[in-house]
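Just so you know, these numbers use all the heavy atoms, side chains as well, and skip hydrogens, waters and symmetry mates.
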Amino acid sequence: MRCRLAPLAAISLFALCVSAMADDSTPRVGPDSHQPVPRFVSLKTEGANGRHGPGLEHKVDWIYERTGLPLMVTAESGRWRRVRDPDGADVWMFAANLDERRTGYVKSAGDVPLRDAPSANSRIVAYLATGVIGGLTGCDGAWRRLAVGGRVGWVPKEAIWGADQTCAAS
C-alpha cells in the first residue's frame with residue numbers, strides 16, 4: 001500500500017507547485033467580494049490608511065489623501081483588501097475606503113494629449129500632466145475615454161495606470 005501512495009503524493013505535490021506558480025494576473029473570484037481579483041477600484045475617502053497587513057493591529061505604511069486614486073485589488077481577507085497603488089506599493093486597506101468607480105492615473109512622462117476621438121489623428125482638446133486622475137468612462141480598443149475637470153476625451157491606454165484590464169464604463 002505504501003508504494004501506491006508515493007506516486008499519488010508526488011502528483012499532488014507537483015499540482016500544488018504548478019498552481020502556486022500560476023500567473024498572479026490571472027483573474028479569479030475574490031472569496032469575500034465575489035468579484036474578480038485582480039481588479040481596479042478607486043479611493044473613496046481622504047486619509048485612508050494603507051496598512052502592512054489586514055487588520056487594525058498592523059502598522060500604517062501609507063496614508064492616502066487623493067480621492068479617486070485608482071488602486072488594484074490583488075487579494076482579499078474578510079473586510080480588508082490588499083491593493084497596489086500607481087507607484088507599486090502594496091498595502092492592506094479597509095474595503096469601506098474603496099469605490100468600485102473606475103479611474104485612471106496619467107503615468108506617462110510629459111503631457112499626454114486628450115483627444116476628441118479614439119485616434120492619434122483626432123483634435124487635441126487638452127494636455128494632461130503626469131499624476132492627473134480622471135474618471136474612466138469608456139473604451140475603444142487601445143483607447144480609454146477619460147473625464148477630467150469638465151473635459152472628456154480619449155487617451156491611449158498605455159498612458160494611464162488603472163486602464164490595463166478590460167474596461168467597463170462606470
### Heavy-atom pair with the smallest gap, counting every atom of Arg144 and Leu136
CB-CD2, 3.8 Å

### Query
Only one of Tyr105, Trp62, Tyr64 forms a side-chain hydrogen bond (donor to acceptor under 3.5 Å, both in side chains) with Asp85, so which one is it?
Tyr64

### Task
Return yes if some donor-acceptor pair links the side-chain N/O of Arg115 with the main-chain N/O of Ser122 below 3.5 Å, else return no.
yes

### Message
For the backbone of Val125 and the side chain of Arg151, can you confirm whether one donor and one acceptor N or O come within less than 3.5 Å of each other?
### Response
yes

## Note on the structure
OG1 (Thr103) and CZ (Arg66) are apart, to the nearest 0.5 Å, by 9.5 Å

### Whether over 12 other heavy atoms sit under 6.0 Å from His52 NE2
no

### Query
Which residue pairs satisfy the ring-ring contact (aromatic ring centres under 6.0 Å, His included) criterion with at least one member in residues 72-91, sequence neighbours excluded?
Trp80-Phe94

All N/O donor-acceptor pairs, side-chain side in residues 106-114, below 3.5 Å, sequence neighbours left out:
none

### Message
Applying side-chain contact (heavy atoms from CB on, under 4.5 Å) to Glu100 and Val41, what does each step give before you reach the verdict?
### Response
CA-CA 5 Å; Glu100 295 303 317; Val41 297; 3.7 Å; yes

### Task
Would you confirm whether Ser42, through its side chain, and Arg101, through its main-chain N or O, come within 3.5 Å as a donor-acceptor pair?
yes

### Summary
Sorted by chain and residue number, the salt bridge (Lys or Arg N to Asp or Glu O under 4.0 Å) partners of Asp90 (sequence neighbours excluded) come out as Arg84

### Task
Grab the two heavy atoms, one from Gly104 and one from Pro70, that are nearest each other, plus how far apart they are.
C-CG, 4.0 Å

### Message
Would you compute the distance between atom OG1 of Thr67 and atom CG of Asp99 and round it to the nearest 0.5 angstrom?
### Response
9.5 Å

### Ion pair check, Arg39 and Glu76, cut-off under 4.0 Å
yes

### Query
Got a second to check how far Arg123's CZ is from Asp116's CG, nearest 0.5 Å?
4.5 Å

### Summary
With sequence neighbours left out, the residues meeting salt bridge (Lys or Arg N to Asp or Glu O under 4.0 Å) with Asp140 are none

### Message
Are Arg81 and Asp32 packed together at the side-chain level, in the sense that at least one heavy-atom pair is separated by less than 4.5 angstrom?
### Response
yes

### Message
Any non-hydrogen side-chain atom of Leu146 less than 4.5 Å from a side-chain atom of Val132?
### Response
no

### Message
Same cluster or not: Val83 versus Trp92, using hydrophobic residues (I, L, V, M, F, W, Y) connected whenever any side-chain heavy atoms lie under 4.5 Å apart?
### Response
no

#### Entry: Minimum heavy-atom distance Ala48-Met93, with the two atoms named
CB-SD, 4.2 Å

### Task
Could you name each residue pair satisfying ring-ring contact (aromatic ring centres under 6.0 Å, His included) that touches residues 124-161, not counting sequence neighbours?
Phe40-Trp161

### Query
Apart from Val60 itself, which Ile, Leu, Val, Met, Phe, Trp or Tyr residues share its cluster (side-chain heavy atoms under 4.5 Å, direct or through members)?
Ile63

### Task
Give a yes or no on whether the backbone of His58 and the side-chain of Arg51 come within a donor-acceptor separation of less than 3.5 Å.
yes

### Query
How long is the gap from CD1 on Ile133 to CG on Leu128, to the nearest 0.5 Å?
12.0 Å

